[in-house]
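The structure appears below as structure tokens.
As the structure is a prediction and not an experimental result, all values here were calculated from the model.
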Amino acid sequence: MRPIRIIARTLVLALPFGLSLAAVPARAAPPDAITLGMVLEPPNLDPTSGAAAATDEVVYANVFEGLTRFAPDGTVVPGLAASWETNETATVYTFHLREGVRFHDGTAMEADDVVFSLDRARGPDSTNAQKALFDGIDSIAATDPLTVTVTLARPDGAFPFKMAWGDAVIVAPETAGTAATAPVGTGPFRFDRWVHGDRVELVRNPDYWGPAPALARATFKFIPDPNAAYAAMMAGDVDAFPNFPAPETLPQFEADPRFKVIVGTTEGETILAINNRRPPLDGIRVREAIAHAIDRQDVIDGAMFGYGTPIGTHFAPHHPDYVDLTGLSRHDLKKARALLAEAGQTDLKLRLALPPPSYARRGGEIVAAELRAAGIETEITNLEWAQWLDQVFKRNDFDLTIVSHTEPMDIGIYARPDYYFGYGKPDFVALMDRLAGATAPDERSEILKAAQRMIAEDHVNVYLFQLAKTGVANARIEGLWENAPTQANDLTAVRWAD
């Protein structure tokens, strides 16, 4: 959609006796449709069966909803559950569902659908990318059509937080099997069509249980190339690009009154991930050498044009429990070469697999050059997103890769030995078990700080920077998220200003 330009025209009204009258200029009504640009096309539209952030960017809070949800400030607020309570030990949660909620196919959303969704997510055949969110569930029961009781095997004060993830949205048994291509949720927008390779279109849900969105239609257009993204914004072919891939052009948009630039924070820890399963990368000295070879500020400046916050562990710097551990892996070529020599790796060559985002492709060239300076050669392979998900994430066929983990407070992935970078150290698993049972804020803070230090000292991955949220939008658009507490383009409050 091109930016609206209101042009004053003289209206001629047909009157009796052949007279005419000049009317006041007409004022155009605000549009009720929006086109958003996205870098990556989602591999499917079912957030409960895959790991791609692009899926949530389309459907989270728009098409699908969970018992709870993330608000724009990152707090957990009611979703399909109007309220909930827990017992003193945080082992039994009772969720009270909203009345009158219907799926997009007209069927009622009730407690049995919640039981089905959570059992499906934790079941033995589950393909949920965050199955660990549901590991602590012992049983789920529908007390009545609007009440669900979840009993946990151990205390978990963070259970409502886990239920706010896109991986925990509620689906119906009748439509769950086709959610990947024809999603049916309860949200304020219905799925309309998917033109593969180009766009996904949503339309307003007239039967939504909550406040009706201002937008009648939303189109998510996929534009992976930064130059094409810039051209599309300038031409008005897209109205907003919430995660704009060409940060070097932001000053031009800031100087143009047609646009506004929205810079905020994300939960995206951008890392040079290392396959800890493969020798010699299973040795800590080699991983530490790789970490010291990289100047993270060079990567921030070269790949993100200065937008990004250096990190030394897998934790968001804006979180109150963040520990600055960048000093453990500061740039030191001399130390990197010495560590490689100690490990007997004087002629090391590694494969660097890069997904499509510009931070990865641009950052990969910088990383390769700095590894070369330390004595490590790399073979770069550029992968499409579906290839990356299959080869790297699912089959663990890689040495190094660059990716941003945009899930909220996801340090628990390091407890999973089957996760793509293959850590799962028993001491770390024990820390996460303690965290799951801790309800006191001071105790949880202590555990989170210890977890950050453990993975930083083990140099599981090279922690580069926290991804900034750099967005561009038509100046008349209101309600887009400034920060990204989860991977979403929530359109519930988006509107065009009069």
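- A donor atom on one side chain and an acceptor atom on the other are found under 3.5 Å apart for Y414 and N461.
- Applying salt bridge (charged side-chain N to carboxylate O under 4.0 Å, His left out) to D399 and the options K349, R277, R351 leaves one that passes, R351.
- Going from atom CD1 of I376 over to atom CD of E370 covers 11.5 Å, rounded to the nearest 0.5 Å.
- For D282 and R287, the salt-bridge test fails: no basic side-chain N is under 4.0 Å from an acidic carboxylate O.
- The NZ atom of K425 sits 12.5 Å away from the CE atom of M432 when rounded to the nearest 0.5 Å.
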Problem - R69 and D490: CA distance, side-chain angles, deciding distance, salt bridge (Lys or Arg N to Asp or Glu O under 4.0 Å) verdict - result: CA-CA 11 Å; R69 57 156 294 170; D490 180 357; 2.5 Å; yes
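- Side chain to side chain, D301 and Q297 meet the donor-acceptor criterion of an N or O pair below 3.5 Å.
- R122 CZ to D135 CG: the interatomic distance, rounded to the nearest 0.5 Å, is 10.0 Å.
- Taking the ring centroids of H292 and H331, they lie at or beyond the 6.0 Å cut-off.
- Counting heavy-atom neighbours within 6.0 Å of D418 CG, excluding the residue itself, gives a total above 12.
- Between the side chains of S329 and R296, at least one donor-acceptor pair of N or O atoms lies under 3.5 Å.
- Here CZ of R285 is found 9.5 Å from CD of Q345. Values are rounded to the nearest 0.5 Å.
- Residues V92 and T86 come closest through the heavy atom pair O-OG1, 3.0 Å.
- The pair R372-E377 counts as a salt bridge, with a side-chain nitrogen and a carboxylate oxygen less than 4.0 angstrom apart.
- A parallel orientation is assigned to the rings of F95 and Y93, their planes being inclined by less than 30° (bins at 30° and 60°).
- Nearest heavy atom pair, residue P72 against residue W481, reads CG-NE1, 3.3 Å.
- Using a 30° and 60° split on the angle between ring planes, F398 and Y420 fall in the tilted class, from 30° to 60°.
- Defined by atom type and a distance below 3.5 Å, a donor-acceptor pair is missing between the side-chain atoms of N128 and T48.
- Taking the charged nitrogens against the carboxylate oxygens, R120 and D125 have no contact shorter than 4.0 Å, which rules out a salt bridge.
- How far CE of M234 is from OG1 of T249: 9.0 Å, rounded to the nearest 0.5 Å.
- Aromatic ring pairs are classed by plane angle as parallel below 30°, tilted from 30° to 60° and perpendicular above 60°; the pair F393 and Y419 is perpendicular.
- Taking the six-membered ring for Trp and the full ring otherwise, H318 and Y322 have centroids separated by 6.0 Å or more.
- In plain terms, the two heavy atoms of D321 and K449 that are nearest each other are O-CG, 3.6 Å.
- For the residue pair A468 and G308, the shortest heavy atom distance occurs at CB-N, 4.2 Å.
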Exercise for the section: Please report the C-alpha distance between Y60 and E65 in whole Å, then the side-chain angles of each, then the deciding distance to 0.1 Å, and finally whether the side-chain hydrogen bond (donor to acceptor under 3.5 Å, both in side chains) criterion is met. Expected result: CA-CA 7 Å; Y60 185 89; E65 300 173 298; over 6 Å; no
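- Note that NE2 of H319 is 12.0 Å distant from OG1 of T265, once rounded to the nearest 0.5 Å.
- Each of F241, F244, F253 was evaluated against Y230; a single residue qualifies, F253, per the ring pair (Phe, Tyr, Trp, His ring centres under 6.0 Å) test.
- A donor atom on one side chain and an acceptor atom on the other are not found under 3.5 Å apart for Q487 and W165.
- E288 and K335 are joined by a salt bridge, as a carboxylate oxygen and a charged side-chain nitrogen come within less than 4.0 angstrom of each other.
- When all heavy atoms of L400 and I274 are compared, the closest pair comes out as CD2-CG1, 3.8 Å.
- We find that R362 and E248 are joined by a salt bridge, their nearest charged nitrogen and carboxylate oxygen being less than 4.0 Å apart.
- Ion pair D256/R258 flagged as a salt bridge, since at least one NZ, NE, NH1 or NH2 atom sits closer than 4.0 Å to an Asp/Glu carboxylate oxygen.
- Side-chain N/O atoms of Q466 and T309 include no donor and acceptor closer than 3.5 Å.
- When all heavy atoms of W385 and P356 are compared, the closest pair comes out as N-CG, 3.6 Å.
- Using a 3.5 Å distance cut-off with no hydrogens or angles, the side chains of T406 and S404 do not pair a donor with an acceptor.
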